[in-house]
2 protein chains.
Amino acid sequence: MEKTTFRDVKQTVLTRIRDKTWAPDTFIPNEVALAAEFGCSRSTVNRAMRELAEEGILDRKRKAGTRVNATPVRNAKFVIPLVRDEVEATGAAYRYALVSREVLPAPPWLRARLSLGDKSRVLHLNCLHFANNAPFQFEDRWINIATVPMVEQADFSARGPNEWLLSQVPFTDVELSFSANTADAQLADFLALSPGEPVFTAERTTWLNDNPVTFARLSFGRGYRMTTRY
Amino acid sequence: MEKTTFRDVKQTVLTRIRDKTWAPDTFIPNEVALAAEFGCSRSTVNRAMRELAEEGILDRKRKAGTRVNATPVRNAKFVIPLVRDEVEATGAAYRYALVSREVLPAPPWLRARLSLGDKSRVLHLNCLHFANNAPFQFEDRWINIATVPMVEQADFSARGPNEWLLSQVPFTDVELSFSANTADAQLADFLALSPGEPVFTAERTTWLNDNPVTFARLSFGRGYRMTTRY
DNA sequence: CAGTGGTCTAGACCACACA
DNA sequence: GTGTGGTCTAGACCACTGC
């Protein structure tokens with residue numbers, strides 16, 4: 001006689017939802033009842049149900065109980081890797097190049113975006129990441145010098161700012177946003193595209209406890225896809 | 001004297017990682033030691049560490065121990081809502097329209113994508129989703145009739161196939177993929193764009209235990225962004 | 001107020017992976 | 001073999017929230 005694991009419970013619950021034993025928008029038995037039925041402890045049921053709720057399958061409320069979510073608003077998890085890892089995972093050789101580097105007063109649009117004061121200074125970097133010597137990603141990066149003073153002494157000629165930041169600067173919050181755009185003349189040059197070709201854009205902003213750390217716009221050329229399975 | 005919660009433990013661990021008390025790539029004390037230090041039970045430590053590992057902050061291996069991940073390959077979670085909810089969340093009025101509907105033999109590219117036999121029949125739908133009467137999303141949907149026979153009798157004139165599928169057909173696996181494209185003439189017409197304008201594309205394929213259920217290509221026009229925070 | 005889920009505990013046994 | 005995390009248990013108290 002095997003013990004009932006929380007995975008068993010999850011599987012059984014999922015099956016019952018799929019075969020409509022437990023219809024959408026209806027309440028299912030409470031934890032104590034399920035523990036009795038499955039012959040396991042309440043903690044085991046709890047873990048199973050908690051995970052299903054995190055996955056968006058169930059909706060749980062104290063006192064009210066556990067309901068089958070009518071429209072499984074499921075969460076897709078995307079792994080956001082380092083460019084280096086992303087390139088090397090395809091078997092291609094990774095190469096990095098620094099295009100430009102300058103310290104300047106934060107431009108108004110960036111001040112607005114990061115809630116910076118009007119005397120803020122930022123480090124602005126343009127970088128290129130190659131896969132087998134073909135341009136893979138163009139990185140337009142802005143780093144808030146007030147939050148990361150030592151960035152002025154950092155050397156970005158051999159290693160990208162993202163890797164440097166990840167290893168040197170802690171952060172607490174991230175906002176990530178994907179969109180589709182077309183290449184302007186400069187971007188087309190850098191990514192070896194024709195102007196007007198579609199570009200996949202990822203914008204990432206990070207903070208360290210309310211202090212803005214960095215804003216980056218990452219542009220990917222032809223054929224880039226971001227994929228996940230669940 | 002408050003009890004130490006698993007949230008407290010997570011917070012403390014995160015702080016120690018951020019201030020380099022526990023450097024990247026080094027091992028941290030085992031669960032028993034941490035439980036003793038924090039004055040809580042091992043289960044509490046375990047839950048905290050398990051969640052941090054799920055979030056990509058820690059790397060755990062039996063016998064080896066728990067290591068601080070050098071490059072926090074953090075997971076971004078995206079909520080994938082129904083179009084209706086996505087539109088209504090902005091305060092706009094949602095409207096749906098069926099553009100076309102036909103049953104036909106699965107075209108070769110779809111057979112390849114879904115591993116269908118060469119006699120497979122599919123239902124092909126084109127739909128439009130509006131926000132305040134402006135086109136918001138164009139949906140190009142293919143449904144495998146062998147897996148979902150009753151789809152032939154379904155009425156898609158008032159409700160989109162996605163809502164119908166979610167409420168009627170269970171699924172076990174999903175593949176989701178984002179990319180950037182430009183509008184061709186047809187898409188430009190439907191989304192009220194000029195040909196060549198950028199389009200954000202989401203492709204979703206779902207299965208029910210190895211049986212392909214549906215493939216959908218969702219196209220979003222101007223200004224669409226997919227955003228998350230963590 | 002009372003029923004539900006949320007969490008903690010102390011202990012136990014087990015599976016895995018490294019030596 | 002042996003130390004680590006992975007999981008289950010039985011019980012307890014608590015927090016939220018709907019009645």
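Reckoned from all heavy atoms, side chains included, excluding hydrogens, waters and symmetry mates. Here is the naming used below: chain letters follow the sequence lines, and residue numbers restart at 1 for every chain.
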When you measure from the side chain of A/Thr26 to the backbone of A/Trp22, do you find a donor-acceptor pair of N or O atoms at a distance under 3.5 Å?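 No, the answer is negative, given that no donor and acceptor are paired below the 3.5 Å cut-off.
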So, A/Thr206 side chain and A/Asp173 main chain: donor-acceptor pair closer than 3.5 Å or not?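 Flag not set: sc A/Thr206 to bb A/Asp173 has no pair under 3.5 Å.
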N or O in side chain of [X] less than 4.0 angstrom from [N] OP1/OP2:
| X | N | result |
| --- | --- | --- |
| A/Arg50 | C/dG6 | no |
| B/Arg7 | C/dT7 | yes |
| A/Thr66 | C/dG5 | yes |
| B/Asn30 | D/dT4 | yes |
| A/Arg47 | D/dT7 | yes |

Using a heavy-atom cut-off of 4.0 Å across all strands, would you classify A/Arg42 as base, sugar-phosphate, or nothing?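 Counting heavy atoms under 4.0 Å across all strands, the contact made by A/Arg42 includes a base.
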Is A/Ser43 touching bases, backbone alone, or none of the nucleic acid, heavy atoms closer than 4.0 Å?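 Contact class for A/Ser43: base.
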Verify the distance criterion only: is there a donor paired with an acceptor across the side chains of B/Asn46 and B/Thr44 at less than 3.5 Å?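 There is no such pair (donor and acceptor under 3.5 Å, judged by atom type) between the side chains of B/Asn46 and B/Thr44.
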Any cation-pi pair here, B/Arg229 with A/Trp207, using under 6.0 Å and within 45°?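 Here B/Arg229 passes the 6.0 Å and 45° test against A/Trp207.
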Separation of [X] atom [atom1] from [N] atom [atom2], in whole Å?
| X | N | atom1 | atom2 | value |
| --- | --- | --- | --- | --- |
| B/Glu54 | D/dT7 | CD | C1' | 14 Å |
| A/Glu51 | C/dT7 | CD | P | 13 Å |
| B/Asp59 | C/dA17 | CG | P | 13 Å |
| B/Asp8 | C/dT9 | CG | P | 11 Å |
| B/Asn46 | C/dA12 | CG | P | 18 Å |
| B/Leu58 | D/dT4 | CG | P | 16 Å |
| B/Glu31 | C/dA10 | CD | P | 15 Å |
| A/Arg60 | D/dG18 | CZ | P | 15 Å |

Check B/Leu116 against B/Pro212 and note the closest heavy-atom contact, atom names and distance.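 Closest pair (atom of B/Leu116, atom of B/Pro212, distance): CD2-CG, 3.6 Å.
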Identify which one of A/Phe220, A/Phe200, A/Tyr94 satisfies the ring pair (Phe, Tyr, Trp, His ring centres under 6.0 Å) criterion when paired with A/Phe136.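 So, applying the ring pair (Phe, Tyr, Trp, His ring centres under 6.0 Å) to A/Phe136 and each of A/Phe220, A/Phe200, A/Tyr94, only A/Phe220 qualifies.
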Given the rule in the salt bridge (Lys or Arg N to Asp or Glu O under 4.0 Å) test, do B/Glu55 and B/Lys10 qualify, once you have shown the distances and angles that lead to the verdict? CA-CA 11 Å; B/Glu55 291 162 26; B/Lys10 280 180 82 170; 2.9 Å; yes
Closest nucleotide among [options] to the [X] side chain:
| X | options | value |
| --- | --- | --- |
| B/Lys63 | D/dT9, C/dG3, D/dG3 | D/dG3 |
| A/Lys61 | C/dC8, D/dG18, D/dC8 | D/dG18 |
| B/Ser41 | C/dT9, D/dC16, C/dT7 | C/dT9 |

Range-with-range stems for DNA chain C, at least three Watson-Crick or G-U pairs under 3.5 Å: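 Listed by first number, the stems are C:1-18 with D:1-18.
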Listing request: all ring-ring contact (aromatic ring centres under 6.0 Å, His included) pairs with a residue in residues 58-80 of chain A, at least two apart in sequence or in separate chains.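 Every ring-ring contact (aromatic ring centres under 6.0 Å, His included) pair that includes a residue of residues 58-80 of chain A, provided the two are not neighbours, is A/Phe78-B/Phe78, A/Phe78-B/Phe178.
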Would you say the base of D/dA15 and the side-chain of A/Arg62 have a donor-acceptor pair closer than 3.5 Å?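 Looking at the base of D/dA15, it does pair with a donor or acceptor on the side chain of A/Arg62 (distance under 3.5 Å).
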